[in-house]
J.: 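First the structure, then my questions, so here it is.
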Amino acid sequence: RVSKKNTSPQHNLPEGFWQQAFGVVLVVVALLLVVAVFGAGGPLMAAVLAAGKWTLGWAIYLVPFIFGYTAFEIFRAESNRLPFVMEFGTVLFLVFVAGFFHLFLQDPSDLQLAMTGVGGGVAGYSIDRIMLSLLDTKTSGLVLLVLAFITSLFVMRISPLSVFRGLAGLFRREQVDDENNRAVAERAAALDQKSSPIGELKMNEGVPTLASMRGRGGLKNSMDKLS
């Protein structure tokens, strides 16, 4: 006697389905955060925005752009998977930016002020508490700015040398444009010097002019009246 196995239909998802779904969720959340910034979206999004300000302060306004970029990278990556170091680097970037923003407050060591959502929030307060125990305000700001810059390049997989080459190329292009404009201006000035002004044109002898013709017409009329 042959026993029949119970075979139930299986629901197979395409590869990368959940990663792609997560990317879509990131895009939707980014759009909802933008809407919440303008005071819309309802009480839920207002609460989410308030929690984000409590955590990151002014750096929360960068989150929609970061979510959008992360979603773009998810759809572009092989198998729609991002390495963990990229996600960790994104979090570090937000913390460094929050700490930099928090230094603009009059008293960065005031926790109650940070919890209101200004500056860098609780994250900015925490990182600044460590930095200010070792460095002064200006030096801490410089260090945090450099760390945020390096972390952003790490996340976007851009080498610092390529950034510096791009900036140098922009300056060279401006110099070349200035030199070209200067050469065009010099050629135009040379052409102006070669061309003769209208006031310096010489008339051939015997060629009648408008003034002389008017004069002859007036003399003829006077003779007619006398006659």
Side-chain angles (χ1 to χ4, degrees), residues 22-23 25-41 45-74 76 82-171:
F22 180 68
V25 171
L26 286 179
V27 172
V28 173
V29 173
L31 294 176
L32 290 177
L33 282 176
V34 173
V35 171
V37 168
F38 292 98
M45 291 311 303
V48 171
L49 182 62
K53 286 184 177 180
W54 183 89
T55 307
L56 296 172
W58 299 332
I60 190 62
Y61 298 112
L62 297 177
V63 172
F65 301 99
I66 293 176
F67 279 4
Y69 175 77
T70 305
F72 173 76
E73 289 294 324
I74 288 175
R76 197 178 67 165
L82 295 180
F84 173 75
V85 290
M86 182 177 175
E87 299 173 359
F88 183 70
T90 304
V91 175
L92 284 180
F93 170 76
L94 285 173
V95 172
F96 292 148
V97 172
F100 178 76
F101 286 162
H102 201 70
L103 291 174
F104 287 93
L105 297 182
Q106 187 175 1
D107 186 9
S109 60
D110 190 352
L111 177 59
Q112 298 299 323
L113 183 61
M115 293 176 66
T116 60
V118 298
V122 176
Y125 163 81
S126 301
I127 190 67
D128 283 356
R129 187 175 181 182
I130 299 174
M131 296 296 298
L132 293 176
S133 64
L134 303 173
L135 304 170
D136 60 4
T137 303
K138 294 182 180 180
T139 309
S140 298
L142 178 61
V143 171
L144 289 172
L145 189 61
V146 172
L147 289 175
F149 173 71
I150 294 175
T151 309
S152 64
L153 295 182
F154 173 79
V155 171
M156 293 184 293
R157 288 169 286 191
I158 300 175
S159 65
L161 183 60
S162 62
V163 175
F164 297 146
R165 285 177 177 173
L167 294 176
L170 289 176
F171 287 117

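Everything numeric in this text was worked out from a predicted model, so none of it was measured. Numbers for residues simply follow the sequence, beginning at 1.
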J.: Assess the pair F65 and Y61: is the distance between their ring centroids shorter than 6.0 Å?
T.: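 Between F65 and Y61, the centre distance exceeds or equals 6.0 Å.
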J.: How long is the gap from CD1 on I130 to OG on S140, to the nearest 0.5 Å?
T.: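 One finds 11.0 Å between CD1 of I130 and OG of S140.
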J.: Start with the C-alpha gap between I158 and L153, add the side-chain angles, then the distance that decides, and say whether side-chain contact (heavy atoms from CB on, under 4.5 Å) holds.
T.: CA-CA 5 Å; I158 300 175; L153 295 182; 4.0 Å; yes
J.: Are side-chain heavy atoms of L135 and V143 found at a separation under 4.5 Å?
T.: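 Yes, at least one pair of side-chain atoms sits under 4.5 Å.
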J.: Any side-chain heavy atom of V85 within less than 4.5 Å of one from F154?
T.: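 Yes, their side chains come closer than 4.5 Å.
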J.: So, for A114 and Y125, which heavy atoms are closest and what is the spacing to 0.1 Å?
T.: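 Looks like CB-CB, 3.8 Å.
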J.: Looking at CE of M45 and CG of L31, how far apart are the two atoms once the value is rounded to the nearest 0.5 Å?
T.: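 These two atoms lie 10.0 Å from each other.
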J.: Would you indicate whether the side-chain heavy atoms of L82 and I74 approach each other to under 4.5 Å?
T.: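 The answer is yes, as the side chains (C-beta and beyond) meet within the 4.5 Å cut-off.
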J.: Under 4.5 Å between any side-chain heavy atoms of L144 and M131, yes or no?
T.: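 They are in contact (side-chain heavy atoms under 4.5 Å apart), so the answer is yes.
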J.: Measuring from M156:CE to M86:CE, what's the distance to the nearest 0.5 Å?
T.: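 Reported to 0.5 Å precision, the distance equals 9.5 Å.
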J.: Could you tell me the separation between the OG atom of S162 and the CG atom of L167, rounded to the nearest 0.5 Å?
T.: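 Taking OG in S162 and CG in L167, the distance rounds to 9.5 Å.
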J.: Closest approach of Q112 and T116, non-hydrogen atoms and distance?
T.: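 Scanning both residues, the minimum pair turns out to be O-CG2, 3.4 Å.
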J.: Is there a side-chain contact (heavy atoms from CB on, under 4.5 Å) between V48 and L33 once you walk through the steps?
T.: CA-CA 8 Å; V48 171; L33 282 176; 4.1 Å; yes
J.: Is a side-chain N or O of T139 found less than 3.5 angstrom from the main chain of D136, in a donor-acceptor match?
T.: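 No.
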J.: Heavy atoms only: give me the nearest V34-P64 pair and the separation to one decimal.
T.: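 Closest heavy-atom pair between V34 and P64: CG2-CB, 3.8 Å.
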J.: Tell me the closest heavy-atom pair linking V163 and F149, and the distance in Å.
T.: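 Minimum heavy-atom contact is CG1-CZ, 4.2 Å.
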J.: Would the distance check show the side chain of H102 and the main-chain N or O of G119 forming a donor-acceptor pair, the cut-off being under 3.5 Å?
T.: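 Such a contact is absent between H102 side chain and G119 backbone.
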J.: Show, in sequence, the C-alpha distance, side-chain angles and deciding distance for S109 and L132, and conclude whether the side-chain contact (heavy atoms from CB on, under 4.5 Å) test is met.
T.: CA-CA 9 Å; S109 60; L132 293 176; 5.8 Å; no
J.: If you take all heavy atoms of A59 and V97, which pair is closest and at what distance?
T.: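 Closest heavy-atom pair between A59 and V97: CB-CG1, 4.2 Å.
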J.: Report the distance from atom CG of L92 to atom CD1 of I150, rounding to the nearest 0.5 Å.
T.: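 Reported to 0.5 Å precision, the distance equals 12.0 Å.
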J.: Taking all non-hydrogen atoms of both residues into account, name the closest pair between A71 and V27 and its distance.
T.: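 Residues A71 and V27, closest heavy atoms: CB-CG2, 3.5 Å.
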J.: Between L105 and D128, is there a side-chain heavy-atom distance shorter than 4.5 Å?
T.: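 SC-SC contact between D128 and L105 ruled out.
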J.: If you measure from CG on L94 to OG1 on T151, what distance do you get to the nearest 0.5 Å?
T.: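 L94 CG to T151 OG1: 10.0 Å, rounded to 0.5 Å.
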J.: Do Y69 and T90 have side-chain heavy atoms sitting under 4.5 Å apart?
T.: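 Side-chain contact under 4.5 Å: no.
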